[in-house]
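Note sheet for the following structure.
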Amino acid sequence: MTSNPVMLRYTDETQVLDSSTMEACSGVRADLKHCLLSTDCCIKERKTPKQCLSENHASIPQDCYALLNTFFECKRSLV
């Protein structure tokens, strides 16, 4: 029997994260990214999603904030 090799990644804090941990929240992250990039703040004002979130820009729908919270909870559950 052959086993699948596990890809490891070392962070600045010298923690070892395997690929399954890294991919656990990737779907929510992708949805959040798409949601934020489709706002007027990013499209018309050409700001980054981080800038838009920090300003609590009016063009960001509640769905994006819900995804942001879900992403936060997902990452927190990995700790």
Side-chain angles (χ1 to χ4, degrees):
M1 290 176 69
T2 61
S3 62
N4 288 336
V6 176
M7 302 273 304
L8 298 176
R9 182 175 144 200
Y10 295 89
T11 64
D12 291 336
E13 294 129 6
T14 65
Q15 292 178 326
V16 179
L17 303 173
D18 63 37
S19 60
S20 62
T21 303
M22 297 300 294
E23 295 171 4
C25 303
S26 63
V28 177
R29 182 181 181 274
D31 290 345
L32 175 60
K33 180 180 175 183
H34 176 72
C35 185
L36 291 170
L37 289 174
S38 64
T39 63
D40 285 346
C41 182
C42 290
I43 295 171
K44 292 181 180 175
E45 297 181 28
R46 314 227 354 118
K47 294 181 181 177
T48 65
K50 185 175 182 177
Q51 289 172 322
C52 295
L53 284 171
S54 67
E55 296 173 2
N56 290 323
H57 200 273
S59 69
I60 299 176
Q62 281 302 115
D63 291 344
C64 290
Y65 287 111
L67 285 169
L68 179 64
N69 188 51
T70 302
F71 182 61
F72 170 78
E73 292 294 332
C74 181
K75 291 196 58 131
R76 186 170 73 170
S77 73
L78 298 176
V79 176

| Taking atom SG of Cys41 and atom CD1 of Ile60, what is their separation to the nearest 0.5 Å? | 5.5 Å
| query | With a 4.5 Å heavy-atom cut-off, do His57 and Gln51 have their side chains touching? | reply | no
| request: Looking only at non-hydrogen atoms, find the nearest pair between Cys35 and Thr39 and report the distance. | output: O-CG2, 3.4 Å
| message | Are Phe71 and Asp31 packed together at the side-chain level, in the sense that at least one heavy-atom pair is separated by less than 4.5 angstrom? | response | no
| Excluding sequence neighbours, so at least two apart, what forms disulfide bond (SG atoms under 2.5 Å apart) with Cys42? | none
| request: Any chance you could measure Cys74, atom SG, to Leu67, atom CG, to the nearest 0.5 Å? | output: 11.5 Å
| side-chain hydrogen bond (donor to acceptor under 3.5 Å, both in side chains) contacts in which one or both residues fall within residues 69-79, not counting sequence neighbours | Glu73-Arg76
| query | Looking at OH of Tyr65 and CG of Leu32, how far apart are the two atoms once the value is rounded to the nearest 0.5 Å? | reply | 11.0 Å
| field | Test applied, side-chain contact (heavy atoms from CB on, under 4.5 Å); reference residue, Ser59; option that passes from Ile43, Leu36, Asp40 | value | Asp40
| Glu55 side, atom CD; Lys50 side, atom NZ - distance, nearest 0.5 Å | 12.5 Å
